[in-house]
Each structure stands twice: as C-alpha cells, then as structure tokens.
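The structure appears below as structure tokens.
In the text below, chain A, chain B and the rest are named by the order of the sequence lines, each starting its count at 1.
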Amino acid sequence: MPELPEVEAAVRALRAAVVGRTIRDAHTRHAAARRALPDDVAAALTGRRIVGVTRMGKHQALALDDGSTLHAHFRMTGDWDVGRADAPLPPHARVVLTFDDGVRVALVDPRALGGITWHAPGQAPAPALGPDALDDAFDAAALRAALRTRRTAIKPALLDQRVVAGVGNIYAAEALWVARIDPRVAAASLGPARAERLVAAIRSVMRDALETPGRYQDGEALERMHVYGREGEPCTRCGATIRRIVQAGRSTYFCGGCQRR
DNA sequence: CGTATCCTGACC
DNA sequence: GGTCAGGATACG
C-alpha cells in the first residue's frame, strides 16, 4: 500500500508497539521472505531488544540493542499487523515477530515483494536516498540540482528515490496536478518557479494524506484523488478530460487542460 | 530510455 | 485466459 504517508503511519504504530520490547521469536512464512531473512538469521534475533524505529523515505529501520538493524520495506502491498500473539495470524503474514510482552507484529504482504533484512552494525541498511519529501532539506534548489542532469520526464524522475525519498506513483501524479505541471515535461527543464510549486505540492499532498486516516486503496481515499485512477473523468479544476499514459512502464494520470508543458 | 523480473490477487 | 497493480532493480 505504501508511499511516504502510509509508511509513516505504519512506523508510528510499530514504534508504539515494539520500542523497548525484546524479541522472543522471529520467523518467516514464505520462500521470498526467507531468502531475505534466512532462518538462522531470524533465529539469532531472539533476545534482541528494539531500541528505535525510524523511516527514511519508504524504508523502515528497526534499531536493535546490539547495534544491528532490521530493515523493512513494504514495496507494493506490505503492511504491519500488530496484535496479540494468541490471536489468529492474518492472511499473507510473511514475517512474524513475537515480543516478550505478548505483542506480535507480522509483515503482511500478499504479493511478497517486500521484506525484512538484517544488517550488522555499521552496514548501511538502505540504499542511497535523496532527501525525504517531508524534510526541510528537500527544497526547490535541491530538487533542481537533482534533476539537472536527468534526461527523463519529470514524473518518472519523481519516482526515483535518489531525487526525493518517499514519493510513489499515486502521489507523484497528484502533486504534479496540484503544481499544474505536465508529467511529460523534461525533468532538467524545470525552472525555479515550477520547482518551488512542485516542492510545495509534494509536501501538501503528503501532509494531507498523513492527516487522513485510512489507506489509499480504500474507496474513501481514492475519492480524494484528483487525477489518479480517474481516466476519462472531468478535471475538478478545469473540466478537461483526465488522461492516462504510460511512462517508464507505469501509469500516469494527468489533466491535459491545466497541467502545462 | 525501455523491458523483464520478483510475487499474488483482483478484475475483465 | 489476459491485464493490471501503490515498488525497485538489473540489464540492453
């Protein structure tokens, strides 16, 4: 499910449930999850205490008391299920962590593209990322600097986590609509004024989503979208028809009327 | 840039 | 049966 706002909500729930708790059992329930977290590595987690949970873009890091890190990524369909250890396990639970106080956290991930990996102290858990979309370091100057050498269109560039961390396919489309920028515009051609508008739009789209409970696959969340999933519908701003194109293999929705090249 | 790949489920 | 899906990476 996750772009930055959904991951942030998941991190907050996880943090409240597990910081200060000690792992009593860790195991995987799917071949892909086991490749990422082999059985012996999972077994060695017993006795480790979680000392902190942080988010970097869409990545999550669970700091352990021995200086090592559990790195979690939801990819397309991951989410945490937090509950009691004696409750029935939800469908598609791929990794299960049980804690000393009876709390159980499961990585629920129907497509099993996400996962948890373990990293020894000093090993970087996440790949190099650009500034987090909600970080003050993400401003118009930083965005333009990151885009200057790109030869791609702005929309696929926004999905590159080295440009800005946390933006995904849905909110990239929504932010470009808010900023009135055509997703096909060359990334490197973005001027100062449009970069400013785009940064502000990304922030506001992320903040709005963060403040709204629920997930964006819910009908209620999709109703708030201005362009995503709305091919053929009239633009709420100018009335022109929302279009769908494919960029870098992914759907892009935009309004051909008020999003300018 | 495009394509394929990792997976499963929903939908046509 | 085929297509598509919120992500990311590897390769041509």
Checklist entry - To the nearest Å, how far apart are A:Met76 CE and C:dA5 P? => result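 Computing the A:Met76:CE to C:dA5:P distance gives 8 Å.
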Candidate nucleotides [options], ranked by approach to the side chain of [X] - the nearest:
X	options	value
A:His92	B:dT8, B:dG2, C:dT9	B:dT8
A:Glu3	C:dA8, B:dT8, C:dG6	C:dG6
A:Arg244	B:dG9, C:dA5, B:dC6	C:dA5
A:Tyr228	C:dG7, C:dT9, C:dA5	C:dA5
A:Pro110	B:dC1, C:dT9, B:dG9	B:dG9

Can you find a side chain N or O atom of [X] that sits less than 4.0 Å from OP1 or OP2 on [N]?
X	N	answer
A:His59	C:dG7	no
A:His73	C:dA8	yes
A:Thr77	C:dG6	no
A:Lys58	C:dG6	no

Next on the checklist: Determine whether a donor-acceptor pair (N or O, by modelled atom type, separation under 3.5 Å) exists between the side chain of A:Glu231 and the backbone of A:Ile242.
Outcome noted: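 Such a contact is absent between A:Glu231 side chain and A:Ile242 backbone.
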Item to check | Side-chain (A:Gln161) to main-chain (A:Val167) donor-acceptor, under 3.5 angstrom | outcome: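 Here the side-chain-to-backbone pair exists.
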Item to check | Sugar-phosphate only, base, or nothing, as touched by A:Arg162 at under 4.0 Å among non-hydrogen atoms | outcome: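 Nothing, no heavy atom under 4.0 Å.
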Checklist entry - Expressed in whole Å, how much space separates the C1' atoms belonging to C:dG1 and B:dC6? => result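 That atom pair is separated by 22 Å.
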Item to check | Gap in Å between the two C1' atoms, one belonging to B:dC1 and one to C:dG6, rounded | outcome: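 Going atom to atom, C1' in each nucleotide, I get 23 Å.
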Checklist entry - Looking at A:Asp100, A:Asp25, A:Asp66, which one forms a salt bridge (charged side-chain N to carboxylate O under 4.0 Å, His left out) with A:Arg48? => result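 Among A:Asp100, A:Asp25, A:Asp66, the one that satisfies the salt bridge (charged side-chain N to carboxylate O under 4.0 Å, His left out) with A:Arg48 is A:Asp66.
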Checklist entry - Can you find a donor-acceptor N/O pair under 3.5 angstrom joining the side chain of A:Arg250 to the base of C:dA5? => result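 No pair found.
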Next on the checklist: Which residues pass the side chain to side chain donor-acceptor pair (under 3.5 Å) test with A:Arg162, not counting sequence neighbours?
Outcome noted: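 For A:Arg162 the side chain to side chain donor-acceptor pair (under 3.5 Å) partners, ignoring immediate neighbours, are A:Asp160.
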Checklist entry - Tell me, what's DNA chain C's dot-bracket, Watson-Crick or G-U with both distances under 3.5 Å, | for other-strand, [ ] crossing? => result |||||.||||||
Checklist entry - Pick one: which of A:Gln247, A:Arg184, A:Arg244 meets side chain to side chain donor-acceptor pair (under 3.5 Å) with A:Thr252? => result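 Single side chain to side chain donor-acceptor pair (under 3.5 Å) partner of A:Thr252 among A:Gln247, A:Arg184, A:Arg244: A:Gln247.
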Checklist entry - So does A:Asp40 have more than 12 non-hydrogen atoms from other groups sitting under 6.0 Å from CG? => result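 Buried by this count: over 12 neighbours within 6.0 Å.
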